[in-house]
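In the text below, chain A, chain B and the rest are named by the order of the sequence lines, each starting its count at 1.
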Number of protein chains: 2
Amino acid sequence: MFECALIQGELFRKLIASVQDLVQDGNFMCDANGISLQGMDSSHVALVALALKKEGFVEYRCDRDVTLGINFANLAKMLKCMGAKDRLSIRAQDEGDSASFVFESEDSSRVSNFELKLMQIDQEQLGVPETQYKAVIRMPSSEFQRICKDLSAIGDTVSISVTKEAVKFSVGGDIGSGDMSLRQSESGDVDGDDSEKVMIELEEPVQQNFALRYLNNFTKATALSKTVTLSLGTDMPLVTEYKMDNLGSIRYYLAPKIDEE
Amino acid sequence: MFECALIQGELFRKLIASVQDLVQDGNFMCDANGISLQGMDSSHVALVALALKKEGFVEYRCDRDVTLGINFANLAKMLKCMGAKDRLSIRAQDEGDSASFVFESEDSSRVSNFELKLMQIDQEQLGVPETQYKAVIRMPSSEFQRICKDLSAIGDTVSISVTKEAVKFSVGGDIGSGDMSLRQSESGDVDGDDSEKVMIELEEPVQQNFALRYLNNFTKATALSKTVTLSLGTDMPLVTEYKMDNLGSIRYYLAPKIDEE
DNA sequence: GGAGCAGTAG
DNA sequence: CTACTGCTCC
């Protein structure tokens, strides 16, 4: 028997929405420590990895590891039936072929129960090595979203280049070209929220190209966290991470476009 | 070399947005006094004329007259990348085939540079004669916007008739008809902003019909000025003018619909 | 001015 | 069936 509950069911809905555009279905791997999920997009260029820690749940019980094969579009349909302030409980029998999603309004005056049929999904769990990245940038997630969205009006590939002082997003296309540079925030900045800052940790300057189309997919997760962390290396995937207080994180990996000139 | 800078880049973005719906591309004529632009809509019914005085810029330098052929949709894409509070600089080499648009956030922590490819646009500059209009109405621009929008739900042609006392906007359609009359504000009105007033200067009563579809296009400029001035004559174009403090104005000309009954 | 929805296009 | 864009409501 697996059972967990979240005070903010809405959070879970946003998580599923953030995964859905990239992968059709995937296995929720539930164990004593929490829930994880991994999936690649259909073209095998991007990977999304979700890790939810049991500490983020108001209730968590996992007698025995279970794998829940989920079609995200179908789950999303059910989650649309959840109220904005609803508490969410997820339950699954050890040998069942469905999972139950219960939505409860704050005063429990409305209780909804949905049963989602599970799927059998063959999918190797990819080990993502904990690598040392050459550059790690933390910035407001909304700013990253805006940059990706705006630049995709100009072209479809962004070049991200990082120096100690700044991170530069450049794009080129038929109508012209453009770049946006974000300077590392002054460490002495006392005023303003810390989440508004741009922080750069650099071991070595990097420059890599990425398909904006995927980055724009990633920014579906903007609602989940005020900040986003971009980790870059040379000829290795970009990692875009959104950390949720307590609950864990959602990470997106995107292979760089290797210059074809 | 042409170079100018605006403290409120946002203003320029709104200007381009106000032009864009009507004309696809046009020539920015830059000379020692400022920038002007003219263009007709594709059906040659409406004309937009922009005039920006150099006094409105925080920096202005024009060694030699230049013509910048701009595709407004493409420029708008780049201007979307500008922050709300950004300062805007525009630069063009005398013989270049592109113009550069630089956006700088207030604290300069974000600097963006976009290069827009210029076009070769053949277009005669139309001389718009300074005519004496029979009626000139000044009213809050938001009110004019609301009237045009609301009336277009009833029909597609508005009749504007002006007397000394009031201006009347009438519309008719399948579902019925309606009209909205605005009385000239009392000159003795001490309370309230002057921009809230309706002022009518009349030489002779006028009545003309106009296509609401264009008027609704014109009201994209509402954000640029608190007031709008409508100038009418008989069988001559309506002029809809939005004046910006210091910077100049945007004017729209619309030929009347001649009754075909 | 932004977000959500619906309608369209791929 | 899904993803984007335009529109309308907030």
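When rounded to the nearest whole Å, the span between CZ of A:R146 and P of C:dA3 equals 12 Å. In this structure, A:D150 atom CG and C:dG2 atom C1' are separated by 14 Å, rounded to whole Å. As a whole-Å value, the separation of B:E10 CD from C:dG1 P is 6 Å. The separation between A:Q145 atom CD and C:dG2 atom C1' is 11 Å, rounded to whole Å. Atom CG in B:N216 sits about 18 Å away from atom P in D:dG6, given to the nearest Å.
Here A:K149 lies out of heavy-atom contact (under 4.0 Å) with every strand.
The only option from B:T240, B:L230, B:L215 that meets the side chain to side chain contact (heavy atoms under 4.5 Å, CB included) definition with B:F210 turns out to be B:L215. The only option from B:L37, B:I16, B:L116, B:V19 that meets the side chain to side chain contact (heavy atoms under 4.5 Å, CB included) definition with B:I70 turns out to be B:L116.
Here the closest non-hydrogen pair linking A:I121 and A:N27 is O-ND2, 3.0 Å. Residues A:S98 and A:E115 share a closest heavy-atom pair of OG-OE1, 3.2 Å.
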With the criterion being N/O to N/O and under 3.5 Å, what pairs connect the protein with nucleotides 2-4 of chain D, and how long is each?
from: D:dA3; atom 1: OP1; to: A:D21; atom 2: O; distance (Å): 3.3

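Using a 4.0 Å cut-off between charged nitrogen and carboxylate oxygen, B:R13 and B:E10 count as a salt-bridge pair.
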query: Can B:F57 and B:L247 be said to form a side chain to side chain contact (heavy atoms under 4.5 Å, CB included), step by step?
result: CA-CA 7 Å; B:F57 295 87; B:L247 187 57; 4.0 Å; yes
